[in-house]
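Reading through the structure tokens given below for one structure.
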Amino acid sequence: MALNIAVCVKPVPDSKHYDKISIDPVTKTWNRTGIPMIIGDLDKHALEAALTLRDKFQGKVTVFTMAPESTRDNLVEALAMGADEAFLLSDKAFAGADTLATSHTLAAAITKTGPYDLIITGNESDDGSTGQVSAQLGEWLGMPHIMNITHLGYQEGVIELSVVTENGSVNYEVVLPAVLGVTRKVNKPRLTNVMGMLKARSKPLTILKAEDLPVDVRQIGLTGSPTQPGDIYSPKMGRKTEEITGSPEEIADRIILELRKAGISV
Amino acid sequence: MNTNEYKDILVFAEVQNLKPAENSLELLGEANRLRNELGDNTRVLAAVLGSNISPVVESLFRFGADVVISFVDDKLAEYRSDLYGEALTRIIEKYKPAIVLIGATFTGSELAPTVAAKLKTGLAAHCTELKINDEGNMVQVVPAFGGKVLGDILTPNHRPQMATVKAGITQKIESRDFTGTIEDFQCDLTGFGDRIKITGRQTELAKGKPLHESECIIGGGFGIGNKENWTLLEELATLLNGATGCTRPALDEGWSQDEHAMIGTSGVAVRPKIYINAGISGAAHHTCGIKDAGVIISINKDANAPIFEVSDYKIVSDWKKIVEAVVTKLK
């Protein structure tokens with residue numbers, strides 16, 4: 001059976017440049033000027049999982065993102081990695097969405113362009129790291145959903161999974177269609193090459209607006225978001241940073257003294 | 001929605017190895033603290049799901065539950081996102097808590113968004129602090145960009161207000177004098193079939209001493225360099241009757257074999273009396289997990305490593321020389 005697979009990705013600020021993130025003390029907004037946007041690390045694992053399945057069982061991989069139009073290049077990169085088609089959900093009406101409104105919007109686009117056998121996401125995004133969209137997408141779509149996936153196989157209409165837990169791992173079989181959230185352990189994402197980049201240019205990339213989707217306008221963007229952001233600030237974690245100097249033996253003596261002072265028996 | 005109809009605080013009491021998860025007990029403590037801010041008529045409810053849970057039910061009172069809602073069903077013997085999602089949703093619909101707290105365990109991190117979507121309410125993930133504002137709403141402080149930024153999240157117009165919290169962030173309370181009542185709950189779980197089937201389970205208990213039980217933690221990062229060097233940190237931890245903790249890179253390199261030992265946004269938060277670390281640069285991903293540690297001593301060869309800013313003591317040196325010297329003296 002050929003597999004029709006949807007993958008949701010999120011363009012995020014590159015974590016290598018997080019030191020450039022600053023907070024405007026007056027407007028209480030964060031500034032990420034000059035930080036390049038990339039496809040989240042875990043999203044690449046999600047895309048790789050989809051591409052591996054397609055390469056083995058035939059079918060199609062379609063990538064979705066809800067983001068400003070300026071992130072078009074991130075979707076081109078996903079196409080260059082090997083995805084067949086991409087949809088960019090971009091509309092002012094989507095702005096300010098929390099995970100509930102985001103998953104509603106993504107679910108609407110998936111319903112509109114589907115049906116799909118499988119929907120794969122990263123377990124969480126690199127920036128907010130809430131890890132909520134995958135399960136909520138499953139709920140909006142009325143499909144079974146599983147996260148924390150470390151191994152993913154497919155056989156005759158059934159997905160075989162391993163999931164990490166506090167006490168080890170659990171194996172599942174899931175009947176399609178289903179929504180899956182994957183961890184880093186699931187695979188090693190392929191790199192893009194020049195050939196992929198050239199092919200990407202001729203692959204379909206469509207922008208979808210609110211009016212193109214079967215969304216309930218009360219459930220998208222800021223209006224559809226039960227959570228509201230308040231104040232933002234930098235964590236205050238500074239400590240006294242007293243330098244200990246001397247020979248390794250002298251420093252070791254001082255560490256042992258601090259251990260004793262902290263109440264550790266040595 | 002009339003938010004005034006919603007009053008109590010409900011904690012999802014997760015069962016792990018036939019015992020309540022440590023993370024859930026911590027949240028019962030936090031629920032008691034929040035109750036003091038909300039007013040004395042607020043009750044702390046604990047919801048337990050499973051097939052063989054009576055020992056867990058009884059144990060929850062001494063950690064601060066006023067009412068334990070017990071849902072016993074063979075279908076709930078093991079966690080499944082569809083069945084647990086349905087069960088907890090029905091409990092919340094019946095009890096109408098103003099606040100629902102869920103541990104950010106692997107199970108809780110999946111269950112919470114599932115239930116929030118069913119109830120169409122707000123959920124804040126991995127909160128580092130919870131408080132009640134003047135309007136009586138819960139302010140949920142969440143990290144973003146790996147802890148580089150903190151932000152307040154509110155769910156002012158929907159109920160319940162839902163939050164997940166990682167292990168180690170809040171503190172449990174315990175007293176033999178606490179008492180409460182058990183209320184049995186039942187709902188129909190037959191409509192889900194076997195779309196999700198559990199086919200196997202591998203138990204792999206945490207190696208070494210759990211971080212939350214350790215008064216002394218030795219942390220290591222990418223700067224440790226190799227597996228052989230890592231054993232030196234383990235030797236020091238053993239000599240101090242402590243545990244080793246690690247950063248994501250040290251785990252990815254396979255030096256620390258233990259997923260449970262990762263400290264920070266994607267791991268756990270710790271509060272040992274003393275935290276000695278080596279070869280850790282100090283990305284916010286890691287440092288937000290050590291903010292409640294007693295004393296922090298950091299060893300790094302780079303004098304400008306950000307870890308020093310969040311440390312009480314700074315040692316600019318080859319970490320190996322220092323750790324070897326401490327190990328030699330302790331022996």
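Worth saying up front: this structure is predicted, and the values here are computed from it rather than measured. Side-chain atoms are counted along with the backbone in the values below, which use heavy atoms only and exclude waters and symmetry mates. Throughout, a chain's letter reflects where its sequence line sits, starting with A, and its residues are numbered from 1.
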Side chain / backbone / both / neither for B:E215 at chain A, heavy atoms under 4.5 Å: both

From A:T165 atom OG1 to B:E78 atom CD, the distance as rounded to the nearest 0.5 Å: 10.0 Å

Minimum heavy-atom distance between B:K291 and A:M237, given as atom pair plus value: CB-CE, 3.9 Å

Distance (rounded to the nearest 0.5 Å) between A:E124 CD and B:S109 OG: 8.5 Å

Heavy-atom pairs under 4.5 Å with chain B, option from A:D126, A:T130, A:D231 with the top count: A:D231

Heavy-atom proximity to chain B below 4.5 Å, by part of A:D253: both

Spacing of CD1 belonging to B:I322 relative to CD belonging to A:E249, to within rounding of 0.5 Å: 8.5 Å

From CD (A:Q132) to OG1 (B:T164), nearest 0.5 Å: 6.5 Å

Heavy-atom pair count under 4.5 Å with chain B, highest-scoring of A:V163, A:N123, A:I244, A:I232: A:I244

Chain B contact via A:L176 - side chain, backbone, both or neither, heavy atoms under 4.5 Å: neither

For the student: nearest non-hydrogen atoms of A:P226 and B:P156, plus distance: O-CD, 3.9 Å

Best-contacting candidate, A:E258, A:E242, A:K261, A:H145, against chain B by heavy atom pairs under 4.5 angstrom: A:E242

Chain B contact via A:V164 - which portion, at a heavy-atom distance below 4.5 Å: both

Considering all heavy atoms, the nearest B:Y79-A:Y172 contact: O-OH, 3.4 Å

Atom group of A:I21 that falls short of 4.5 Å from chain B, counting heavy atoms: both

Engaged part of A:N167 at the chain B interface, taking heavy atoms whose separation is under 4.5 Å: both

Structural part of A:I256 lying under 4.5 Å from a heavy atom of chain B: side chain

Check ion pair B:D312-A:K240 (N to O, under 4.0 angstrom): no

Shortest non-hydrogen separation from A:E243 to B:V316 and the atoms involved: OE2-CG2, 3.6 Å

Chain A contact via B:P143 - side chain, backbone, both or neither, heavy atoms under 4.5 Å: backbone

Smallest separation among heavy atoms of B:H285 and A:Y18, with atom names: CE1-CE2, 4.1 Å

Partner chain B: residue of A:P13, A:S15, A:S169 with the largest heavy-atom pair count (under 4.5 Å): A:S169

Part of B:D318 within contact of chain A (heavy atom distance under 4.5 Å): neither

Engaged part of A:L100 at the chain B interface, taking heavy atoms whose separation is under 4.5 Å: side chain

Flag if over 12 foreign heavy atoms under 6.0 Å of CD, B:E253: yes

Among B:R80, B:Q202, B:R201, side-chain contact (heavy atoms from CB on, under 4.5 Å) partner for A:V170: B:R201

Gap between atom OG1 of B:T105 and atom CG of A:N148 - 0.5 Å precision: 9.0 Å

Part of A:Q219 lying under 4.5 Å from any heavy atom of chain B: side chain

Contacting moiety of A:K185, where chain B heavy atoms sit under 4.5 Å: side chain

Flag for B:T199-A:E173: side-chain donor and acceptor within less than 3.5 Å: no

Pairing of A:E139 and B:K118 as salt bridge, 4.0 angstrom limit: yes

Between CD on residue A:Q228 and NE2 on residue B:H158, distance to nearest 0.5 Å: 9.0 Å

Pick from A:T241, A:T227, A:V175 with the largest number of heavy-atom pairs that fall under 4.5 Å of chain B: A:T241

Nearest atoms (heavy-atom pairs only) where B:P113 meets A:A135: CG-CB, 4.0 Å

